Structure formats: structure tokens, C-alpha cells
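So the structure is just underneath, and the comments pick up after that.
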Protein chains: 2
Amino acid sequence: MTNIHDIARLSGYSVSTVSRVINHQKYVADDKRAKVEAIMRELDYVPNRLARDLSKGQTKTIGVVLPYANHPYFARVIDGIMSAGFAAGYKITLLPTNYDMTVERRYLDQLRGKAYDALIFTSRSSSLDTLERYRKYGQIVCCEDPGDDRELAAAFTDRMASYVHAMQWAKKHGYETMGVVLSRNNVISASTRVTRRAYEQVYGPLTDDHLFTGAVNYDDGYHAGQYFANLKPTVDVIFANGDDIGAGVEQYFDHHGLPAIPVIGQENLLSSRLLNFSTIDHHLEALGQAAFRLATGKTRTHELIKSDFIIR
Amino acid sequence: MTNIHDIARLSGYSVSTVSRVINHQKYVADDKRAKVEAIMRELDYVPNRLARDLSKGQTKTIGVVLPYANHPYFARVIDGIMSAGFAAGYKITLLPTNYDMTVERRYLDQLRGKAYDALIFTSRSSSLDTLERYRKYGQIVCCEDPGDDRELAAAFTDRMASYVHAMQWAKKHGYETMGVVLSRNNVISASTRVTRRAYEQVYGPLTDDHLFTGAVNYDDGYHAGQYFANLKPTVDVIFANGDDIGAGVEQYFDHHGLPAIPVIGQENLLSSRLLNFSTIDHHLEALGQAAFRLATGKTRTHELIKSDFIIR
DNA sequence: ATAATTTATGAAACCGGTACCAGGTCAAGT
DNA sequence: ACTTGACCTGGTACCGGTTTCATAAATTAT
């Protein structure tokens with residue numbers, strides 16, 4: 001591996017000069033610059049990223065903490081982070097946790113070890129206090145509303161407003177009872193908590209029989225459909241924590257010859273388009289982009305992304 | 001930032017000893033080890049990743065080159081790579097190209113600059129010759145069959161076999177003419193080339209009017225549906241380069257009151273399940289896992305992933 | 001003509017670790 | 001008693017860059 005010292009030796013100049021050439025700095029005579037560049041080209045030299053990063057104490061890398069990648073919610077957020085990161089010349093490293101707090105902690109320690117310039121928590125199991133404690137080792141962005149007096153940057157959607165909006169629409173539309181399908185506790189946790197609060201505001205206390213938890217994908221939604229199909233008295237509409245889940249609910253009813261059940265999904269995925277049910281689009285790419293900006297910038301610490309309720 | 005020298009000074013031992021403690025090596029007296037560990041804990045010390053990586057000449061990071069992340073094909077491959085990488089203690093960095101060769105070249109240069117231990121090309125615009133030229137700077141894995149005499153590792157699906165199998169099934173099933181929907185040229189390029197070859201083998205030469213190109217998502221598929229709906233004479237079945245595309249085709253017919261058109265999709269996504277059409281499952285997670293294994297091994301091997309044809 | 005800048009260059013410290021090597025202790029083997 | 005080898009420990013040269021600082025020549029200002 002040829003390094004900067006080789007270039008210096010072969011060109012007859014010092015490493016300092018070579019370094020200046022590499023970084024396009026001032027104060028290098030034109031002829032020397034040309035000669036150094038020629039030799040670098042000739043030897044096919046590329047500076048070592050690690051050495052540079054170590055020296056500068058900066059990696060131009062952002063770590064993205066997420067439970068798993070094979071979920072459309074995270075896929076869309078990642079997409080936003082990546083496109084913004086690419087434009088800014090940053091590398092994006094994916095850090096799966098599978099909701100294991102120990103693993104999250106390991107990533108936080110890696111932040112301390114300067115492996116990343118910043119961390120984006122698209123979801124978390126650790127407490128906000130824990131995250132905050134690591135704030136001094138690098139920027140930390142979370143994707144939920146952490147409250148005003150936190151030292152954490154945050155990008156989040158207006159969940160409460162959009163949920164209330166959608167539920168009020170449902171109620172006004174004549175759906176007097178609503179069933180709710182949520183993910184397992186702590187998964188996209190903010191959404192779980194907010195859904196309950198919105199429900200209470202519009203429909204009153206959320207009783208256990210109107211709630212099905214533990215759903216993350218289509219199959220889970222299918223089970224939820226089975227649950228609500230057998231529930232007496234029946235509910236008029238289902239509020240699902242994701243379109244794919246909603247699709248599962250809807251198809252259970254369909255496959256069993258039951259009258260179609262109205263569903264409100266989330267994320268405006270292809271599944272809600274195919275089955276033609278209403279959904280809330282949280283504009284997750286925009287969320288990801290905002291999260292990236294917060295991770296790198298010194299911008300405003302909180303950013304709110306507006307959702308759209310898509311009626312079908 | 002406290003570093004290894006601080007720990008050495010405060011403990012009264014040398015950096016060598018501290019390093020040994022950090023790396024759990026033999027030949028450290030128990031009492032000294034305990035003392036060093038105590039001081040590390042007290043000072044909240046975490047070794048610097050960059051320094052370690054630079055010293056070892058190894059990053060434990062794999063770069064994954066892909067056009068964009070918001071596509072189910074890549075999402076599934078990434079998922080496989082990530083789960084395997086996580087288990088092996090590797091970091092996965094996503095490298096979007098948007099099919100720009102210049103960008104691909106930049107990533108290859110980063111490999112030269114030791115930013116990654118290996119690169120996985122889930123898709124490429126550069127030639128295999130180019131990739132091969134960078135082989136000496138690190139392992140390079142591509143996700144297509146590169147042929148036998150390449151210096152490249154490769155994980156790929158048995159496209160040819162499964163395409164022929166699916167098309168033969170279609171023909172035997174009474175579908176005498178077949179329309180084909182492909183992505184734009186060079187996108188998942190291998191699939192494009194192989195589809196043509198399989199088609200020729202089963203249905204004979206692929207004429208222009210039976211081919212719709214430039215489709216990557218549902219909306220494109222919808223347009224393809226429009227094209228084939230207006231084609232005279234009509235085709236009996238559509239072979240689509242992805243379930244979401246197939247779903248678009250199917251729904252165009254549906255929305256316009258036309259008789260349902262049989263579709264064969266790919267990847268076994270939720271969309272083909274929802275609309276209940278046949279599909280080829282390439283087991284992309286397995287593909288990703290294989291790609292990761294090859295990326296970390298020094299081998300030049302090829303790995304073939306078998307597909308399943310799911311008849312619905 | 002002299003003082004004050006600006007431009008150019010290299011030496012060396014530094015970033016924070018790893019690893020090789022030399023030197024020393026101590027118990028077992030012959 | 002004398003070698004042998006396993007067990008500890010520290011010194012120091014790396015890994016490959018960046019950056020500060022000292023020095024000197026060339027301009028420009030006074």
C-alpha cells in the first residue's frame with residue numbers, strides 16, 4: 001500500500017506539502033503541486049480514510065439505529081436519511097437492534113468510541129435519559145417528540161393531530177365504535193402511546209376488547225382480523241398501526257365472506273392503495289431527511305413533519 | 001477525551017499492559033488487570049474505534065452498493081446482509097449510486113482507501129472488468145453470475161432456471177402468448193438479460209411489441225397495463241419484473257373493467273399475495289446472507305440461491 | 001531603505017491505538 | 001545446579017494521515 005510518505009519521498013518534497021496538495025490548500029507552488037499530483041496519479045495513490053478520520057477526529061458517518069430493516073416504516077425513513085446523507089457526502093451505517101437494549105447500549109458506546117459523528121434513533125428501547133447521557137459524545141437524534149427540556153435533537157411527525165383528525169373523521173362518518181391494532185409494546189413506541197391518547201380524546205377510554213396488540217406485519221393483521229371478526233359486539237372500523245397490518249385485517253374479512261370492514265391504515269403503502277382503504281401518510285422520507293439534517297447541523301433542535309390523511 | 005495513555009499513566013502501568021487488558025489477552029497479572037479495569041470504568045473509557053481500525057488495517061465494515069433503498073428488492077437483500085453482518089459483528093454501510101457510474105467509482109476508491117473491508121454490489125453500472133480491477137484492494141461481491149473466470153465473488157439466484165420453469169408452466173397452462181415488463185435497461189441488469197434468454201427458449205424471439213421496458217414500481221406497471229390492454233392481438237399472460245409492477249398491470253385491467261389478466265410476478269411481495277397472482281420467490285434475504293459470507297471470506301467462490309415458483 | 005505581510009516549505013508532534021521485541025521472574029525438567 | 005520454557009511487563013516503532021510552528025524568501029507598505 002503506497003502512503004503519503006512514499007509520495008513525499010518520490011517527489012522529493014515533505015509530507016506536509018503532499019498533504020496540502022491532497023487537500024487543495026493554499027501555499028503550494030504550482031510546479032510542485034503539479035509534480036506531486038503526477039506522482040500520486042502514477043502510483044495510483046488514494047489517501048487512507050481511517051488515518052484521515054482519526055487525525056481529524058471526524059468520520060463523516062452517521063449511525064442509524066433501528067430494530068430491523070425489513071419493515072416498510074424503517075425502509076422509508078432510511079431512504080430519506082440516505083438521500084440527504086448522500087447529498088452531503090456522509091456515509092450511513094445501519095445498526096439493527098431487534099429491540100435489544102444491550103445492543104442499543106453497544107451502539108451508544110461506539111458513538112463514544114468515535115465510530116460515528118452522530119446517531120439517529122428511528123426507534124428505541126432505552127430511556128430518553130440514557131440517550132441524553134450520551135449526548136456529550138456526539139449528536140443524538142430521536143424520531144419522536146422528547147419534550148421541550150431535553151438535550152436531544154428530534155424529528156417527528158404530528159401523530160397526535162393526525163390521529164385525532166382521522167378518528168374524528170371516522171366518528172363523523174358514522175363509525176361509532178373503533179377497534180385498534182397496535183404493534184407490540186415498545187415497538188415504534190411513540191405511536192402506541194399516542195394512539196391511546198387520541199382514541200381517548202375521540203372515542204373515550206380504550207377498553208381491552210377493542211385493542212389488539214402485537215401486530216407488525218400482514219400476518220399479524222390477519223390474526224387481528226380474526227379477533228375482531230369474532231368480537232361481539234362488532235366494531236365499525238379498524239384503526240391499524242400500518243397499512244400492511246390493515247391489509248391483513250381487511251383480507252381476513254374478505255377471505256371469510258364477511259362484509260367488508262372499513263380500515264384506516266398508516267404510511268400510505270402500496271397495500272392500502274391496492275385494497276383501497278384510507279391511510280395516514282406520515283411522509284417518512286421527509287422525516288428521515290430532517291433527522292439527517294439535525295444529525296449533522298446545528299439547526300433547530302426539533303422538527304415537526306406534517307402528515308396527510310388520505311381518504312379512500 | 002481520555003485515551004489509552006491516560007489509563008496507562010493513572011494506573012502506573014504501560015500502554016502495552018492496558019492494551020492487553022482491553023483485548024482480553026493472556027499474560028497480565030490478575031491484580032494489575034483488575035486495577036486497570038477499575039480505572040477504565042472510573043474514567044468511563046472506551047477505546048477509539050478509528051485508532052484501532054487504523055492500526056489493524058481492518059474496519060469490520062462492509063459497504064453495500066445499491067441504486068436506491070426504497071425498493072423492495074434491495075430492501076430484502078439489505079435485510080439479509082444486515083442480519084448476517086450483525087451476527088458477525090460487522091457494520092453495514094449503505095452506498096447509494098442512483099446508477100451513476102462516477103459514484104460507483106468513488107465507492108471503489110473508498111475501498112482502496114481502506115474505508116471498507118469489502119464491497120457488495122447488489123447492482124452495478126460499471127463493467128465487471130472495472131470491478132475486477134479493484135479486486136486487489138479488498139473483497140468484491142456481486143449479485144449476479146459473473147462467469148467462471150472472474151476474480152470476483154458472487155452470490156446469485158438461479159434466474160435462468162426459474163424463469164424458464166415459470167414460462168414453461170405458463171405455456172403448458174394454455175397461455176400461448178406472453179407479454180414481458182422489464183425495468184429500464186441496466187437496472188438489475190442481469191434480470192433483464194436473463195429474461196430475454198428464457199423467453200426465447202420457451203416462447204421464441206421476444207418481439208418489441210411484447211415488451212414494455214422502463215418499469216420499476218407500481219405506477220410504471222400501471223402504464224404497462226395500459227399498453228398491453230390496448231395491444232392487438234392481446235397477450236394471454238404478463239411476466240413482470242417484480243410483484244409491485246405486476247400489481248400495477250393487474251389493477252389497470254381491473255380499474256377499467258377488463259377481464260382479469262394473469263400475471264407472473266417476482267419476489268413474493270405482499271402485493272402478489274394481496275392480488276393473488278403467481279410469483280417467483282428469489283429468497284433475497286438468503287442472497288444477502290450469502291453475499292455477506294462471501295464478503296468476509298477470502299474465497300473467490302460463487303454461491304447459487306435456489307428460487308421457488310409460487311403458483312396462485 | 002526598512003518594516004510588515006504574504007507566500008512557501010519542512011520538521012516534528014499528534015490522533016489513539018496495536019504489536020513486535022527485549023528483558024526479567026519463577027517453577028518444572030534433567 | 002543448570003537449562004528450559006511459560007508467564008509478565010515495558011519500550012517503542014508502527015498505522016497514515018493532519019496540524020502547529022519555525023524559518024525563509026518574495027512582496028507590499030511606509
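Computed from a predicted structure; not experimentally measured.
- Direction of the helix axis in the helix from C/dA1-D/dT30 to C/dT30-D/dA1 shifts by 30° between the two five-pair termini, rounded to 10°.
- Note that the first and last nucleotides of DNA chain D, 5' to 3', having any atom under 4.0 angstrom from a heavy atom of chain A are D/dG16 to D/dT19.
- In terms of the salt bridge (Lys or Arg N to Asp or Glu O under 4.0 Å) criterion, residue partners of A/Asp44 (sequence neighbours excluded) are, by chain and number, B/Arg112.
- A/Leu10 meets the side-chain contact (heavy atoms from CB on, under 4.5 Å) test with A/Ile39, A/Leu43; sequence neighbours excluded.
- In this structure B/Asp145 satisfies the side chain to side chain donor-acceptor pair (under 3.5 Å) test with no other residue, sequence neighbours excluded.
- Listed by chain and residue number, B/Gln289 satisfy the side chain to side chain donor-acceptor pair (under 3.5 Å) test with B/Ser83 (two or more places apart in sequence, or in another chain).
- Listed by chain and number, the residues in a side chain to side chain donor-acceptor pair (under 3.5 Å) with B/Asp109 are B/Tyr134 (sequence neighbours excluded).
- Shown here are the salt bridge (Lys or Arg N to Asp or Glu O under 4.0 Å) partners of B/Arg76, two or more places apart in sequence or in another chain: B/Asp281, B/Glu285.
- The salt bridge (Lys or Arg N to Asp or Glu O under 4.0 Å) test applied to B/Glu37 returns no partner, not counting sequence neighbours.
- Judged as a side-chain contact (heavy atoms from CB on, under 4.5 Å), and not counting sequence neighbours, the contacts of B/Ser127 are B/Asp129, B/Thr130.
- The CZ-P distance, from A/Arg112 to C/dG17, rounds to 12 Å in whole Å.
- Side-chain contact check for A/Ser126 and A/Glu104: at least one donor-acceptor pair (N or O, by modelled atom type) lies under 3.5 Å.
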Kindly give the atom pairs (protein nitrogen or oxygen, nucleotide nitrogen or oxygen) under 3.5 Å for nucleotides 7-15 of chain C.
{"unit_1": "C/dT7", "atom_1": "OP2", "unit_2": "A/Tyr27", "atom_2": "OH", "d": "2.9"}
{"unit_1": "C/dT9", "atom_1": "OP1", "unit_2": "A/Lys32", "atom_2": "NZ", "d": "2.5"}
{"unit_1": "C/dT9", "atom_1": "OP2", "unit_2": "A/Ala29", "atom_2": "N", "d": "2.6"}
{"unit_1": "C/dG10", "atom_1": "OP2", "unit_2": "A/Ser14", "atom_2": "N", "d": "3.1"}
{"unit_1": "C/dG10", "atom_1": "OP2", "unit_2": "A/Ser14", "atom_2": "OG", "d": "3.0"}
{"unit_1": "C/dG10", "atom_1": "OP2", "unit_2": "A/Thr17", "atom_2": "OG1", "d": "2.4"}
{"unit_1": "C/dG10", "atom_1": "O6", "unit_2": "A/Arg20", "atom_2": "NH2", "d": "2.9"}
{"unit_1": "C/dA11", "atom_1": "N7", "unit_2": "A/Ser16", "atom_2": "OG", "d": "3.4"}
{"unit_1": "C/dA11", "atom_1": "N6", "unit_2": "A/Ser16", "atom_2": "OG", "d": "2.8"}

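- In terms of the side chain to side chain donor-acceptor pair (under 3.5 Å) criterion, residue partners of A/Tyr116 (sequence neighbours excluded) are, by chain and number, A/Gln110.
- Residue contacts shown for B/Asn23 are limited to sugar-phosphate atoms, with no base heavy atom under 4.0 Å away.
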